[in-house]
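For this chain, numbers begin at 1 and follow the sequence in order.
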Amino acid sequence: MKVLNSAGGTKPRHHAAIGSGARADAAGNPRPVKRRLYPLLPVTLAATLMAGCAVTPERLSLEEQLSRAAADRATLYASQEPVSGPISLEEALARALKYNLDHRVALMERALQERLGDNARMDLLPELAGRAGLRTRDNIAASSSRSVQTGQQSLEPSTSTDRDLGTADLQLSLNVLDFGLSYFGAKAQGNRTLAAEERRRRVVLTVADQVRTAYWEAVTAEQLAPRVRNVLSEARDALRFARQAESERLMPPLETLQFQRAMLETIQQLEGLESELATAKAELAGLMGLPPGASYRLTSPRQSSTRLPYRLADLEAVAMVQRPEIREELYNARNVSLETRSAMLSLLPGANLFAGINYDSNSFLLNQSWADAGLQVTWNLLRVLSLPAMQAEGEARESLSETRRLALRMAILTQVNVAYRRYQRATTQYARSSELRDVEQRIAQATRSAEESDAQNRLERVRAAAASVLAERSRNRAFAEVHNSLGALYAAAGVDPLPDLIADDDLATLSRAIAERSAAIQAGRANLPRIPESDSAPTASLGPETRVAATPAAPSVLPPPRPPRE
């Protein structure tokens, strides 16, 4: 097909060749164009497929597992301050709170929530997007025009785009709806951070209770261990004596067998007690983060009162305010309300404000750089139909949160009352255990005065010594239970063993802060919050006149075991 040129003649129509990948030479004749991009496509596709097929899972080798286990074991006990002397209860608590892995996990979870909060606040900023790109093609982007009336070509093929293009733009945009959603999201993340702090406090209360229990078990075991070893040695000597008497027929057979049975039962009890005492210090070492089998000594218990300076009603009121579980649930209730507001906000139209500067390297453009700004509004009208469902969901969430909070408050009140009863029972049992220990020691003293040549007297003497040791152990356990139940009562009330502010995190400073906080709590100077009394609100307390001081009180310090006189 030929068309008229500007001189009235004709020239070949090459626009079809241009569109198919050819271009004209200097004489106007079409010639093939070297394709630069198409050969790369199959090569790229093949390389991608081969890389995907080459990915196979690799099992951990034994060497990798052993090296990781060795590295983790070294990390467990790295950067710990060495044990320089006898460990007090305050130092044990400080070591546990600083080196206990459960507490470390809680600290890291709180730190992670803080970082997520920082990211959530960054979402409130407008979006500043910069883009740049290069584009090339293997032929000219040319086109021609055709008359819609005659169907004839009206213009010769022409182009307005360079074959190689470079573009760049910098645009600032702000979506008002996304800003509102990000605002609610940042507030919700802040509540999650505060809830993580309450979970950390809950771990602190749990670890402190575990350390307190293990410490009193270990310190009483350390005091009683020498007596257990002495009595156990006596029992074994008596058993050997009975076996020798049986072999030499120095005693009637039935009497020797009964003697051996009694000694074996006594030895079994004492060996069980010895094993129990040995594991007490190992459990405390694990809570403090010390290596297994670490050797350390414990200090004698310092003078500390076991009386309760607070009323039960006061502790109930404190628990309703300071328990970490209650505070965490209140933060979660805030987020339930924020989620409802966020869902309602998403029903509104979204307005996107934008402004930016642009650049295009196309040489055919009159203006290669320009600035633009605008407003775009979008609204999904069908989402409005979900408004009743969203409202019902929000109300259901809030009702569930409120019911969960009420159930949690009831459980906490029960825990405080149970801990109070436990403390009362512990003080009573300690008084009875002390009386029984004194009786057993007097019996052991009386039996020791008998003739050693009499086998029956020797049996009774060993039995009395073992019973005295077991009574001492029972009395020590009762004394430890007094301290543990008192600490459990404070933990049930949410009284934190750590002050709000600590100057440093070294062991000496932590121990001193824990000691000062403990002294303030025991003296009734803990500055606990008080809830205003209401006539309409029933109280679960026993009345303002009920005090634990009315129960038998334990002595202020565990006295050393008193061996029977020879």
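For the pair Arg323 (side chain) and Ala492 (backbone), a donor-acceptor distance under 3.5 Å is present. Looking at Thr159, its side chain does come within 3.5 Å of a backbone N or O of Ala141 through a donor-acceptor pair. Gln113 contributes no side-chain N or O that, together with a main-chain N or O of Gln189, makes up a donor-acceptor pair within less than 3.5 Å. At least one donor-acceptor pair closer than 3.5 Å links the side chain of Arg409 to the backbone N or O of Met320. Panel note: side chain Ser67, backbone Glu63; a donor-acceptor pair is recorded below 3.5 Å. Formation of a donor-acceptor pair under 3.5 Å by the Asn362 side chain with backbone atoms of Leu365 is not found in this model. The backbone N or O of Arg202 sits less than 3.5 Å from a side-chain atom of Thr206, completing a donor-acceptor pair. With Arg404 contributing its side chain and Ala333 its backbone, the two residues share no donor-acceptor pair below 3.5 Å. Side chain of Arg327 to main chain of Val321: a donor-acceptor pair is present (N/O by atom type, distance under 3.5 Å, no hydrogens or angles). Judged purely by atom type and a 3.5 angstrom limit, Tyr215 has no side-chain atom pairing as donor or acceptor with the backbone of Ser88.
Environment of CH2 in Trp379: sparse, with no more than 12 heavy atoms of neighbouring residues, nucleotides or ligands closer than 6.0 Å. More than 12 non-hydrogen atoms from other residues, nucleotides or ligands lie less than 6.0 angstrom from CD of Gln65.
With salt bridges taken as basic N to acidic carboxylate O contacts below 4.0 Å, one links Glu91 and Arg95. Salt-bridge formation is not detected for the pair Glu516/Arg512: no Lys NZ or Arg NE/NH1/NH2 atom is positioned less than 4.0 Å from an Asp or Glu carboxylate oxygen.
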Steps toward side-chain contact (heavy atoms from CB on, under 4.5 Å) verdict (His483, Leu486): CA-CA 5 Å; His483 282 274; Leu486 184 60; 5.7 Å; no
Please evaluate residues Asn358 and Asp372 with respect to the criterion side-chain contact (heavy atoms from CB on, under 4.5 Å), reporting the C-alpha separation (whole Å), side-chain torsions for both, the decisive distance (0.1 Å), and the verdict. CA-CA 8 Å; Asn358 306 270; Asp372 59 351; 3.3 Å; yes
Check the pair Ile514 / Leu498 against side-chain contact (heavy atoms from CB on, under 4.5 Å), numbers first and verdict last. CA-CA 6 Å; Ile514 292 174; Leu498 284 175; 3.6 Å; yes
Check the pair Arg68, Glu64 against salt bridge (Lys or Arg N to Asp or Glu O under 4.0 Å), reporting the backbone distance first and the verdict last. CA-CA 6 Å; Arg68 173 55 60 186; Glu64 290 176 337; over 6 Å; no
Decide side-chain contact (heavy atoms from CB on, under 4.5 Å) for Met344 and Leu387; before the verdict, give the C-alpha distance in whole Å, the side-chain angles of both, and the deciding distance to 0.1 Å. CA-CA 7 Å; Met344 301 290 289; Leu387 177 60; 3.1 Å; yes
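Here the closest non-hydrogen pair linking Gly180 and Leu345 is C-CD2, 3.5 Å. Among all heavy-atom pairs drawn from Phe179 and Leu174, the shortest one is CB-CD1, 4.2 Å. Considering all non-hydrogen atoms of both residues, Glu90 and Ser511 come closest at CB-O, 3.7 Å. The minimum heavy-atom distance between Val318 and Ala493, with the atom names listed, is CG1-O, 3.3 Å.
When the side chain to side chain donor-acceptor pair (under 3.5 Å) test is applied to Arg212, no partner is found at least two apart in sequence or on another chain. Asp162 meets the salt bridge (charged side-chain N to carboxylate O under 4.0 Å, His left out) test with no other residue; sequence neighbours excluded. The salt bridge (charged side-chain N to carboxylate O under 4.0 Å, His left out) check on Arg517 picks up nothing, with sequence neighbours excluded.
Leu400 is not listed as a side-chain neighbour of Val336, based on a closest heavy-atom distance of 4.5 Å or more. Looking at Asp496 and Arg201, their side chains come closer than 4.5 Å, going by heavy atoms from C-beta outward.
Put simply, the residue from Glu325, Glu328, Glu329 that forms a salt bridge (charged side-chain N to carboxylate O under 4.0 Å, His left out) with Arg199 is Glu328.
Residues Thr136 and Asp164 bring a donor and an acceptor atom of their side chains to less than 3.5 Å of each other. At a cut-off of 3.5 Å, with distance as the only test, a side-chain donor of Glu316 or Asn417 sits close to an acceptor on the other residue.
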